[in-house]
**Q** 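Here's a structure for you.
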Number of protein chains: 2
Amino acid sequence: MTSRQATRTKLLDAAEDLFFTRGIAATPIDAVLERAGVSSATLYRAYSSKEALVAAVLDRRHAAWLSAWDAEIADAGSPTEALLCIFDANDAFRSGPRGARWCAFLNTAAEFADPPPQIAEVLERETRTYRERLTRLAGEAGAPDPAALADQLLLVASGELAMRLRTDATTSPARAVAAAVVAAALAP
Amino acid sequence: MTSRQATRTKLLDAAEDLFFTRGIAATPIDAVLERAGVSSATLYRAYSSKEALVAAVLDRRHAAWLSAWDAEIADAGSPTEALLCIFDANDAFRSGPRGARWCAFLNTAAEFADPPPQIAEVLERETRTYRERLTRLAGEAGAPDPAALADQLLLVASGELAMRLRTDATTSPARAVAAAVVAAALAP
DNA sequence: GTCTATATGCGGATAGAC
DNA sequence: GTCTATCCGCATATAGAC
C-alpha cells in the first residue's frame, strides 16, 4: 500500500467516526486532522473539500454496508428470512467498529437540505440499492407486489434508524413490525 | 397584543420555517433576522441565543402539533381509527402552512448530538407525549400490550418521516404498514 | 508529500446611539 | 425598545518552506 493510500485511509477512518457520531457540520475539519494525525495541507491534497471527504466516506461506507448485508443474506435459511435480514445487518453494523449515532446516510440527507452533486449521487444510490435489493428478495419470497413490500420494509428499516434519535434502547420492535408486514403481504 | 409579543411571533415564524426546511446549522441567524424584519439586538433581547430560539420554536410547534392530532382524534369513528390518525395528523401538518422538510423534532435531534438542556427537554417531552398518547389509544382499541403496540406505531410514524429524506413521493406506505401492525396486535 | 503559518470570510453575539 | 456598527472567534482553504 502506498503512503498516499494509507493517508487516505486514516482520513476516512477519522472522518467516518466523527461525522456520524457528532454530526458533519458539528465536526470541524481540524478535529478530523487531529484524529488522523495529518495536517491540513495533506487533507486538501487528497480531497478537494470537506464535502468531497464526506462523499468519499459515504462511498466507502456504502460498499461496506452492502458486504455486511450480503453476508447476512448468504446465511439466511429461507427467502422470507433473507428478506428480514436487513435488520440483522443493521444490528451487526451498529455494534461493529463502524457504529454511527443513527444512520450515516439519513444523517447526511438531514444535514444537507440541498446536497452538492457528489453527495446527492451517493445518497440516491443508497436508496436505490435498498429498493432494488428488497424488491428482488420480496419477489423471491413470493410477494404478489414485490416493490410495494420493499417500500414498506424500507420504511420500517428507516424507522428503526430514526428511533435511535429518540431513545437509546438496545432492543427494537422493528423486526416485529417487519414480520407483521411480511405476513400481511404474503397472506392469501 | 403588545409589540413585544408581535416581535416574538415574527421571529418564531421566520425561524420555524427556515430552521426546518433548510436546517438549523445551515440557517445563519441573519437569515432569520432578515425574514422577520427585525434587527440583531432585538432578537437577542427576546431570546438569549440561537439555541434558545430553537427551543422556543420547538415548544410552540409541539403545542400546535398536539392540537392538530387532538382534532384528528376527535373526528375518528372508532378506537382503531383513532390509533391510526397520527398519520392523518402528519399529512395535515405537512401540507399546512407549517410544513417542514421532514420532522422538526427528529431534525433537531439529528443536528444536536449533545443538545443543550433547553432543547433536550422539549425533544424528550415530544417522544414521551407520543408514547403516552399512543399507549392510551392502543389500550382503548383493546390491544393486549398497549405499550408494545405504541412503540411499534411510533417506529412506523418515525419511519414515514425519515422516508421524506429519501424520496419526495407524496404517498406513503405508512398507513398500510400500521394497519398490518395493528391487525397483528389485535388478532386473537 | 508533508508540515507550519496564514489568508479570508462568516458565524454569533454585543455596545452604544437614538 | 429598536437600530447601526462592530467585536471576536472559528471555519475552511491555501501559500510557501523543507
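In this text, all values refer to a predicted model and were calculated from it rather than measured experimentally. Naming: A, B, ... by sequence-line order, numbering from 1 per chain.
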**Q** Rounded to whole Å, please give me the gap between CG in B/L11 and P in D/dG1.
**A**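 To the nearest whole Å, that distance equals 14 Å.
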**Q** Are any of the side-chain nitrogens in A/E140 or A/R136 under 4.0 Å away from the carboxylate oxygens of its partner?
**A**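 Salt bridge present between A/E140 and A/R136.
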**Q** What do you reckon, is CZ of B/R60 surrounded by more than 12 foreign heavy atoms closer than 6.0 Å?
**A**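 Count over threshold, so yes.
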**Q** Starting at CG of A/L43 and ending at P of C/dG1, how long is that distance when rounded to a whole Å?
**A**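 Roughly 15 Å, once rounded to whole Å.
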**Q** Kindly indicate whether a cation-pi arrangement holds for B/R8 with B/Y47, taking the cut-offs as under 6.0 Å to the six-membered ring centre and within 45° of the axis.
**A**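 That pair qualifies as a cation-pi contact.
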**Q** Salt bridge or not between A/E160 and A/R175? Use side-chain N to carboxylate O under 4.0 Å.
**A**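 Here A/E160 does not pair with A/R175 in a salt bridge, since their nearest N and O are not under 4.0 Å apart.
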**Q** Under a 4.0 Å threshold between the charged nitrogen and the carboxylate oxygen, would A/D151 count as salt-bridged to B/R166?
**A**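 A salt bridge is absent here (no side-chain N lies under 4.0 Å from a carboxylate O).
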**Q** Does B/L154 offer a backbone N or O that forms a donor-acceptor pair with the side chain of B/R131 under 3.5 Å?
**A**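 Side chain of B/R131 to backbone of B/L154: no pair is present.
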**Q** OP1 or OP2 of D/dT2 less than 4.0 angstrom from a side-chain nitrogen or oxygen of B/T7, does that happen here?
**A**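 So the side chain of B/T7 is within the cut-off, an N or O lying under 4.0 Å from OP1 or OP2 of D/dT2.
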**Q** In whole Å, I'd like the distance from the CG atom of A/L33 to the C1' atom of C/dG1.
**A**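 My rounded result for the distance is 15 Å.
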**Q** Show the distances under 3.5 angstrom between N or O atoms of the protein and N or O atoms of nucleotides 11-13 of chain C.
**A**
residue, atom, partner, partner atom, Å
C/dG12, OP1, B/I29, N, 3.3
C/dG12, OP1, B/K50, NZ, 3.0
C/dG12, OP2, B/I29, N, 2.7
C/dA13, OP2, B/Y44, OH, 2.8
C/dA13, OP2, B/K50, N, 3.0

**Q** Rounding to a whole Å, what distance do you find between A/R45:CZ and C/dT4:C1'?
**A**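 The distance from CZ of A/R45 to C1' of C/dT4 comes to 15 Å, rounded to the nearest Å.
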